[in-house]
Each structure stands twice: as C-alpha cells, then as structure tokens.
Amino acid sequence: MCVRFKAKPERRDELQARLLEMVEITVKEEGCLFYDLHVDRDDESIFYFFEGWASQGAHDIHGQTAHVQALVADAPGLTVDGIRLEFMNKISPTSH
C-alpha cells in the first residue's frame, strides 16, 4: 500500500512532523511489517508512506486508531488534495 500527501506550502513542515510521529507510533502496532516515509525527489511537498501489513485485519485496525483518525481529520488543512491511497499486490517471479 502507498499513501500520498501533498502539503500546502505553508504547512509542509507541520505535515512532515506529523507524518514522522505517525511512523514512531505505527511501527509498534501489531501486524505492521513496515511503515516507511518518503519524500518526492522533485517536489519536497509530496510525502509517501509505503506500508506493509501482516493481514487486512491488521491494516483495518490501524485505520481505526486515534492517530490515523486525527491525521485524516486534519488532512484538509494540511494538504492540497487530501490523502490518496493506492493498493497494490506484489508480483514475484513465480506469481505470473
């Protein structure tokens, strides 16, 4: 899963701080395999989470946590276009 955030120019530093805080909290959640924060190489206002979860249930529980709900609620004030979620499946050499 990939989650994209494009910060409002005046809120970029605040959004980055909030996302870094999310990493600290989320990596301790049961079922979190990885929760990596990245910034776009060409546009430092764009952030991405690359997330891996042991199960859909673990991801669903994460989505209901207070820290996720707070970020979702604050996203309109922090971002240009809200939060964009991209779901994907890993392709391995033996899966095709």
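Each of V68 and I61 belongs to its own hydrophobic cluster when Ile, Leu, Val, Met, Phe, Trp and Tyr are linked at side-chain heavy-atom distances under 4.5 angstrom. Residues V80 and V39 fall into different hydrophobic clusters, defined by Ile, Leu, Val, Met, Phe, Trp and Tyr side chains chained together at heavy-atom separations under 4.5 Å. V3 and F34 fall into different hydrophobic clusters, where Ile, Leu, Val, Met, Phe, Trp and Tyr residues are linked whenever their side-chain heavy atoms come under 4.5 Å apart, directly or through other members.
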Checklist entry - Stepwise, does the side chain to side chain contact (heavy atoms under 4.5 Å, CB included) test hold for Q16 with R12? => result CA-CA 6 Å; Q16 179 175 319; R12 186 213 175 271; 2.7 Å; yes
Next on the checklist: Assess the residue pair I83 and V72 against the criterion (side chain to side chain contact (heavy atoms under 4.5 Å, CB included)); give the C-alpha distance rounded to whole Å, side-chain angles, the decisive distance to 0.1 Å, and a yes or no.
Outcome noted: CA-CA 8 Å; I83 301 171; V72 169; 4.1 Å; yes
Checklist entry - Going through the distances and angles, do F47 and L37 end up as a side chain to side chain contact (heavy atoms under 4.5 Å, CB included)? => result CA-CA 7 Å; F47 297 93; L37 180 61; 4.1 Å; yes
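A salt bridge is absent between R4 and D40; no separation between the charged side-chain nitrogens and carboxylate oxygens falls under 4.0 Å. In summary, E86 and R84 engage in a salt bridge, as defined by a charged side-chain N under 4.0 Å from a carboxylate O. By the 4.0 Å N-to-carboxylate-O rule, D43 lies close enough to K6 to be salt-bridged with it.
In this structure, CG in L78 is found 6.0 Å from CZ in R18, a value given to the nearest 0.5 Å. Annotation: the span from L71 atom CG to F5 atom CZ amounts to 5.0 Å, rounded to 0.5 Å. Taking OG1 of T79 as the reference point, atom CD1 of I46 lies at 11.5 Å (rounded to 0.5 Å).
The two residues F50 and C2 come nearest to each other via the heavy atoms CE2-SG, 3.8 Å.
Side chains of M1 and M88 form no contact here, defined as non-hydrogen atoms less than 4.5 Å apart.
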Which side-chain N or O atoms in residues 23-32 pair as donor and acceptor under 3.5 Å with protein atoms at least two apart or in another chain?
residue, atom, partner, partner atom, Å
T26, OG1, M22, O, 2.8
E29, OE1, H62, ND1, 3.0
E29, OE2, H62, ND1, 3.1
E29, OE2, H67, NE2, 2.7

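Taking the ring centroids of Y35 and F49, they lie under the 6.0 Å cut-off.
For E44, the CD atom is loosely surrounded, since the number of other residues' heavy atoms within 6.0 Å does not exceed 12.
D60 and Q56 form a side-chain donor-acceptor contact under 3.5 Å, judged by distance and modelled atom types alone.
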